[in-house]
Q: 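Quick one: the structure is below, questions incoming.
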Amino acid sequence: MSTVSRRALLGTAGAVAATAATLGVPGLNGTASAQGSSTSGRPTPRPRPVAPVNQEVAAAHSIDYRALPQDVVGVDAEQLMTVHTEADTERLRRLLVAEVWKSADGRLPDALPEVEHGVTAPELPAFTGVRRIDRLTVSLPYGLRSVVYLLLPRRAGAHGRFALYHNGHGETPETMQRTAQALVDAGYGVLLCAMPLYHWNPKQLQSPTDPDTLVTPESHNDLGPWETGTFSTLRFFLEPLAVAVNHVSRTYRPSSLQMIGLSGGGWTATVYPALDPRITRSYPTAGSLPFFLRAAPPKPRPTTGDWEQRLDKHPVFYGICDFPDLYALASVGPHRRQMQILNRFDECCFNGVGHRSYAPVVSHRVQVIGKGHWELLEDATHGDHTISPYALDVILWDLDVNCVDEP
């Protein structure tokens, strides 16, 4: 074999392996294939789950769900990222936190919630194997209150881990129930979170001009009057998580915190781990794309995102960094990792394959920094707006097999 052809072959093999690792294709990267043997005396761990494209679903969708969109042409994803070192992540994190909380020190709030132990919660779906449910109530500006439920498992895992599950805007409880139940079954304490003003959260807050008047916004897109130069409405979305994590961290001292979110909760599971390095591993699902791709998803076109997602509504926050940097901020650090999950045929949003234009770049940048891991799982097994059984299986594999020796 000539030198030229050997180089070409090795280059092609390397590119295939790198792409497979980034997009979550098992069997073509070291992490997945190495699971077949064990030298520690423990049973051989199961390999990473893999699933084929659902051809019946694929046949019902146009080429727009299979081919890269025109929007990626001429875009250098590497130039969109300003994170190059671990010090960059710390600097950007301070700037982002300072913008959300309008603080000078860039520190997350240290407040604690009001805690009610052993509550009944008929607004939640039924769970088994739960020893106790606690209600954590977080008081926010303008009289808004946010409720987080804590499920304590009857049999806590020796791993000592806790997890957060964050629902989206209008999702039915099936995905939350399936995901949280799997975590409880694995011995995790689980925090159940919801978007402000949605699901079990109170629907009213004080008028921005008259504190004696209560207002009921119809959607997050009505939050404009509360957004000012001295107050960011992003606090409504992010502060309940910080306060709930404060409680769990001080009360139970978990070995690590994981976060899973769907849709609007997928956005939250992207942004909050970027701001709080106490979140060790995160799995945001169907929740975001970089701004250059917002017009690309076939349905809807464009996918602008809700109030909290929009550059025109939060120009300072998203002016600090775009989503590729947020992905890196959520991934860099000891034992930290993020797996972004996007449904190729999602009936709602953030669908198609435009993500293939930035996924290798983000993954490579985190590898170069040297601490942490980022990858993207493209789920083509279904056409729903959900965390599919396949995606959940991959998440649980990543937590309990791939990361079994980590906190």
Q: Is the ring centre of Tyr198 less than 6.0 Å from the ring centre of His220?
A: yes
Q: Look at Glu378 together with Arg356 and state whether they make a salt bridge at an N to O cut-off of under 4.0 Å.
A: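 Salt bridge between Glu378 and Arg356, a charged N being under 4.0 Å from a carboxylate O: yes.
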Q: Are the aromatic rings of Trp307 and His314 close, with centres under 6.0 Å apart?
A: yes
Q: Could you tell me whether a side-chain N or O of Asp88 sits under 3.5 Å from a main-chain N or O of Thr85, the two making a donor and an acceptor?
A: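 Yes: the side chain of Asp88 pairs with the backbone of Thr85.
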Q: Counting only heavy atoms from other residues, nucleotides and ligands, does the tally under 6.0 Å from CZ of Arg250 exceed 12?
A: yes
Q: Looking at the rings of Phe236 and Trp226, which for Trp means the six-membered one, are their centres under 6.0 Å apart?
A: no
Q: Do Asn54 and Thr381 meet the criterion of a side-chain donor-acceptor pair at a distance under 3.5 Å?
A: no
Q: Is the backbone N or O of Ser288 less than 3.5 Å from a side-chain atom of Gln340, with the two atoms forming a donor-acceptor pair by type?
A: yes
Q: Are the side chain of Asn246 and the backbone of Leu112 linked by a donor-acceptor contact shorter than 3.5 Å?
A: no
Q: Is the distance between the ring centroids of Tyr188 and Phe162 less than 6.0 Å?
A: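 For Tyr188 and Phe162, the ring centres are not under 6.0 Å apart.
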Q: Count the heavy atoms belonging to other residues, nucleotides or ligands that lie under 6.0 Å from CZ of Arg131, then report whether that count exceeds 12.
A: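 Yes, enclosed.
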Q: Do Gln338 and Trp374 have side-chain atoms, one donor and one acceptor, less than 3.5 Å apart?
A: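 Result is yes, a qualifying pair exists.
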Q: Is a side-chain N or O of Lys299 found less than 3.5 angstrom from the main chain of Glu347, in a donor-acceptor match?
A: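 Yes.
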Q: May I ask you to check whether His373 and Ser331 show a side-chain donor-acceptor distance below 3.5 Å?
A: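 Note: His373 and Ser331 side chains miss the donor-acceptor criterion.
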Q: Excluding sequence neighbours, so at least two apart, what forms ring pair (Phe, Tyr, Trp, His ring centres under 6.0 Å) with Phe292?
A: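 Ring pair (Phe, Tyr, Trp, His ring centres under 6.0 Å) list for Phe292, sorted by chain: empty.
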Q: Which atom names give the shortest non-hydrogen contact between Ala242 and Pro109, and what distance separates them?
A: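 Looking at all heavy atoms of both residues, the closest pair is CB-CG, 4.0 Å.
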Q: Are side-chain N/O atoms of Thr175 and Gln177 paired as donor and acceptor at under 3.5 Å?
A: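 Judged by distance alone, the side chains do not pair up.
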Q: Keeping the roles fixed (side chain from Glu171, backbone from His169), state whether a donor-acceptor pair exists under 3.5 Å.
A: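 Confirmed, Glu171 side chain pairs with His169 backbone.
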Q: Quick one: do the Asp210 and Thr213 side chains pair a donor with an acceptor below 3.5 Å?
A: yes
Q: Among Leu257, Leu399, Leu183, which one satisfies side-chain contact (heavy atoms from CB on, under 4.5 Å) with Arg161?
A: Leu399
Q: Strictly distance-based, threshold 3.5 Å: is any side-chain N or O of Asp306 a donor or acceptor partner for the main-chain N or O of Glu308?
A: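 Flag not set: sc Asp306 to bb Glu308 has no pair under 3.5 Å.
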Q: Is a side-chain N or O of Asp276 found less than 3.5 angstrom from the main chain of Arg278, in a donor-acceptor match?
A: yes
Q: Between the main-chain N or O of Leu342 and the side-chain N or O of Asp379, is there a donor-acceptor pair closer than 3.5 Å?
A: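 Such a contact is absent between Asp379 side chain and Leu342 backbone.
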Q: Any sub-3.5 Å donor-acceptor pair from Ser255's side-chain atoms to His159's backbone N or O?
A: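 Indeed, once roles are kept as given, a pair shorter than 3.5 Å links the two residues.
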Q: In this structure, are over 12 heavy atoms from other groups packed under 6.0 Å from Arg107 atom CZ?
A: no
Q: Would you say Asn343 and His385 are linked by a side-chain donor-acceptor pair, where the criterion is simply a distance under 3.5 Å?
A: no
Q: When rounded to the nearest 0.5 angstrom, what distance separates CG in Leu241 from OG in Ser146?
A: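 Spacing of CG (Leu241) from OG (Ser146) equals 7.5 Å.
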Q: Between Thr268, Thr179, Ile341, Ile387, which is the residue that forms a side-chain contact (heavy atoms from CB on, under 4.5 Å) with Leu262?
A: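 Filter result, single survivor: Ile387.
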Q: Look at the side chain of Arg94 and the backbone N and O of Gly106, then say whether any donor-acceptor pair between them is shorter than 3.5 Å.
A: no
Q: When rounded to the nearest 0.5 angstrom, what distance separates NZ in Lys102 from CG in Leu234?
A: 8.5 Å
Q: Any side-chain donor paired with an acceptor under 3.5 Å for Ser256 and Arg281?
A: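 Result is yes, a qualifying pair exists.
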Q: Do Tyr65 and Arg344 have side-chain atoms, one donor and one acceptor, less than 3.5 Å apart?
A: no
Q: Please confirm whether Tyr318 and Phe323 have ring centers closer than 6.0 angstrom.
A: yes
Q: Going by atom types only, do Thr386 and Ser388 share a side-chain donor-acceptor pair under 3.5 Å?
A: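 Not at all, the side chains of Thr386 and Ser388 share no donor-acceptor pair under 3.5 Å.
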Q: Using side chain to side chain donor-acceptor pair (under 3.5 Å) as the criterion, list what pairs up with Thr280, not counting sequence neighbours.
A: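 For Thr280 there are no side chain to side chain donor-acceptor pair (under 3.5 Å) partners, ignoring immediate neighbours.
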Q: Run Glu227 and Lys313 through salt bridge (charged side-chain N to carboxylate O under 4.0 Å, His left out) and show every step you take.
A: CA-CA 9 Å; Glu227 184 80 20; Lys313 303 301 182 184; over 6 Å; no
